[in-house]
Amino acid sequence: MPSAHVDTFARDNLPPAEELPVFLLELPGLQFPEQLNCAGELLDRHVVEGRGERLCLRAPGVHWTYADLQEKANRIANVLVHDLGVVPGNRVLLHAPNTPMMVAVWFAVIKAGAIAVATMPLLRAKELKAVIDKAQVHHALCHASLAEELHSAALQCPRLRRILHFDYRGPDSLETLMSRQSPQFENADTAADDTCLIAFTSGTTGVPKATMHFHRDVMAVCACWARHTLRATEDDVFIGSPPLAFTFGLGGLVLFPMAIGASTVLLERAGPVQLLEGILEFGATVLFTAPTSYRTLAARGAELRRSALRRCVSAGEALPISTRSLWREATGIELIDGIGATEMLHIFISADESEARPGATGKPAPGYEARVVDDDGHVVPPGTVGRLAVRGPTGCRYLADERQRAYVRGGWNYTGDTYLMDADGYFFYQARTDDMIISAGYNIAGPEVEEALMLHPAVAECAVIGSPHAERGQIVRAFVALRPGQEESEAMVKELQDFVKRTIAPYKYPRAIDFVSALPRTQTGKLQRFKLRADGGTR
Ligand code: 3UK
């Protein structure tokens with residue numbers, strides 16, 4: 001396939017062929033042409049087919065049609081090519097909160113055949129530098145409000161030649177350059193297997209990894225889980241909290257709505273309060289957010305019941321049974337749980353409302369296969385806990401990283417999770433592989449104990465880890481944030497311990513309980529158990 005990449009960095013740094021996962025492309029809808037630019041499919045196609053006047057992006061004070069977005073993206077693509085000298089295959093760093101301009105710059109980069117490297121708004125200079133160095137970035141487009149950290153990073157990154165700022169008025173702004181460029185742009189004629197985005201893992205531990213995804217992969221995730229499980233329509237209005245630099249957010253807030261000509265609401269801040277306001281103000285119908293956010297939002301069930309909301313997707317972390325039922329009771333809506341990963345681009349095991357089973361993530365999404373295996377990679381019988389291995393149209397390609405050999409073995413992607421499959425083929429999340437607690441010879445999955453604790457009315461949030469113990473190897477230690485008005489006392493410790501013993505097998509109860517005001521989380525909302533483990537050891 002003729003690559004459009006003049007700069008061959010991405011292709012040169014792909015894992016060797018024998019370390020790649022198997023890619024399954026048989027499903028109808030996955031037969032992609034050799035030349036494919038996903039921006040053409042997701043954006044230009046709607047204008048060509050006469051849907052240019054349909055609403056595409058909403059934000060406070062912003063109302064862009066597909067034609068509006070196309071015009072902005074084309075002007076920015078011209079700026080990239082003519083003012084900055086970007087050539088196909090170059091990496092362009094994007095640093096912005098979720099705003100319409102962030103979507104426009106994303107499409108501009110893809111249209112130009114370059115590679116979008118989106119970064120979380122909260123990243124500090126040190127983390128931005130790591131991204132710039134790893135992805136060998138020469139150009140950056142940055143939201144004016146986030147300029148400072150990127151500038152300090154740039155001082156230590158001689159490679160970064162140029163930063164343009166947007167969402168501000170100034171003679172040197174991206175908007176000024178855009179106004180001088182043509183609203184027409186001919187997309188780079190990229191190969192379906194040219195890399196179009198590099199996504200960094202959020203990393204609950206260790207050094208972030210850079211994953212590479214092709215134009216074809218972007219279209220594949222739209223054709224699999226989104227088409228078959230989410231089944232949204234062109235009249236749906238999407239909304240959600242994950243940053244667009246997190247592939248959960250990119251898919252849920254840009255790729256999936258635009259694949260079907262629907263519209264999406266972008267919120268710069270998307271805590272539970274802003275989400276609720278956004279849902280009501282913009283009439284959102286499809287919500288993407290994390291389990292903790294559903295837990296908090298459930299308190300506003302009465303308002304949500306009167307809203308247009310109809311489909312709610314939970315991912316990023318295991319969905320506690322208690323959160324699923326809380327949400328159903330509060331809003332009348334059954335959550336769609338789905339496990340996804342940056343390496344896989346999006347969700348690969350899930351269940352829609354009608355198939356959902358409490359405690360189960362679901363079944364492999366159309367196009368994907370999943371199995372539970374032992375340490376040697378052999379499939380274990382149903383009902384046995386083991387490692388999750390998956391394959392499908394998307395899969396792991398780390399950029400120059402030896403951890404590729406740990407994630408992909410024998411053509412399967414190992415997500416680092418332990419799972420159990422029941423006799424009906426439903427997959428039940430247990431824990432991260434390295435979060436299994438081994439206490440006095442028992443294997444205990446932290447999330448199961450968390451689940452039990454969260455059923456207690458006094459508990460707002462909790463996290464369970466194994467902490468070192470002389471006789472037992474490890475003991476189960478819980479960090480608990482109580483609901484307002486509850487007392488952090490010895491009596492409460494005893495109460496919670498007894499409650500867990502009554503709820504699950506007694507040997508799993510937390511022998512130590514620490515009260516905390518909040519739990520440490522990543523910018524993608526994941527619990528950072530390693531931070532608690534570091535604390536837990538010293539107590
Ligand atoms: C965990 C889940 C249980 C699991 C992601 C949807 O989370 C995403 O990607 P990350 O690379 O993390 C991947 C890891 O997160 N996880 C995610 N969802 C679930 N565990 N139930 C779930 N529903 O450990 C997985 O290996 O940050 C999620 C779409 C795109 C994504 N990138």
Side-chain angles (χ1 to χ4, degrees), residues 204 271-273 290-302 317-330 358-359 429-432 435-522 525-539:
T204 46
V273 173
T292 45
S293 175
Y294 284 110
R295 227 179 147 72
T296 314
L297 263 178
R300 312 290 293 268
E317 276 197 307
L319 174 66
I321 297 177
S322 56
T323 304
R324 178 183 282 288
S325 48
L326 193 67
W327 188 252
R328 189 193 318 106
E329 281 150 26
Y429 177 79
Q430 308 294 307
R432 291 288 305 167
D435 280 344
M436 273 287 184
I437 302 164
I438 304 172
S439 183
Y442 289 107
N443 273 346
I444 302 166
E448 188 188 356
V449 184
E450 290 165 9
E451 182 98 63
L453 277 167
M454 275 195 285
L455 290 171
H456 192 284
V459 175
E461 265 202 307
C462 68
V464 167
I465 60 160
S467 86
H469 188 269
E471 285 127 55
R472 303 182 159 261
Q474 286 186 309
I475 55 163
V476 176
R477 178 183 289 266
F479 294 82
V480 175
L482 293 175
R483 288 193 188 279
Q486 300 289 339
E487 206 193 333
E488 300 180 354
S489 63
E490 274 309 309
M492 180 62 85
V493 170
K494 178 87 175 46
E495 158 76 20
L496 293 176
Q497 288 174 327
D498 290 343
F499 181 79
V500 173
K501 287 187 198 168
R502 288 198 301 275
T503 312
I504 53 178
Y507 68 86
K508 297 175 181 170
Y509 86 95
R511 283 171 191 267
I513 293 185
D514 294 305
F515 293 113
V516 292
S517 54
L519 297 169
R521 290 187 177 276
T522 64
K526 279 191 222 306
L527 199 57
Q528 292 172 303
R529 291 197 176 76
F530 75 98
K531 289 205 171 152
L532 295 172
R533 274 197 289 266
D535 275 9
T538 60
R539 270 166 217 252

Indicate the atoms forming the closest heavy-atom contact of [X] with [Y], along with that distance.
X	Y	result
Pro447	Tyr429	CG-CE2, 3.8 Å
Leu527	Arg521	N-NH1, 3.6 Å
Trp327	Ala298	CZ3-N, 3.7 Å
Val480	Ile513	CG2-CG2, 4.0 Å
Lys508	Val449	O-CG2, 3.6 Å
Ile475	Ala512	CD1-CB, 4.1 Å

Pro291 vs Pro320 side-chain heavy atoms within contact, under 4.5 Å: yes
Val476 side chain reached by Arg511 side chain, heavy atoms, under 4.5 Å: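 Contact flag for Arg511/Val476 side chains = no.
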Atom [atom1] in [X], atom [atom2] in [Y]: separation rounded to 0.5 Å?
X	Y	atom1	atom2	value
Glu488	Leu482	CD	CG	5.5 Å
Glu461	Arg483	CD	CZ	10.0 Å
Thr292	Leu297	OG1	CG	10.0 Å
Phe479	Arg529	CZ	CZ	11.5 Å

Contacts under 3.5 angstrom, residues 452-460 side chains, donor-acceptor by atom type, not counting sequence neighbours:
{"residue": "His456", "atom": "ND1", "partner": "Ala458", "partner atom": "N", "Å": "3.0"}
{"residue": "His456", "atom": "NE2", "partner": "Glu495", "partner atom": "OE2", "Å": "2.7"}

Do the side chain of [X] and the main chain of [Y] share a donor and acceptor less than 3.5 angstrom apart?
X	Y	value
Gln497	Pro510	yes
Glu317	Ala290	no
Ser439	Gln474	yes
Thr323	Leu319	no

Ion pair Lys494/Asp498, N-O distance below 4.0 Å: yes
With Glu448, which of Val464, Ile504, Thr503, Ile437 fulfils side-chain contact (heavy atoms from CB on, under 4.5 Å)?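 Among Val464, Ile504, Thr503, Ile437, the one meeting side-chain contact (heavy atoms from CB on, under 4.5 Å) with Glu448 is Ile504.
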How about CZ on Arg300, more than 12 heavy atoms from neighbouring residues, nucleotides or ligands closer than 6.0 Å, or not? no
Within a 6.0 Å radius of atom OH on Tyr507, are there more than 12 heavy atoms belonging to other residues, nucleotides or ligands? yes
Under the criterion side-chain contact (heavy atoms from CB on, under 4.5 Å), I'd like the reasoning laid out for Val493 against Phe515: C-alpha separation, chi angles, the key distance, then a yes or no. CA-CA 9 Å; Val493 170; Phe515 293 113; 3.7 Å; yes
Could you please spell out the steps behind the side-chain contact (heavy atoms from CB on, under 4.5 Å) verdict for Met436 and Gln430? CA-CA 8 Å; Met436 273 287 184; Gln430 308 294 307; 4.0 Å; yes
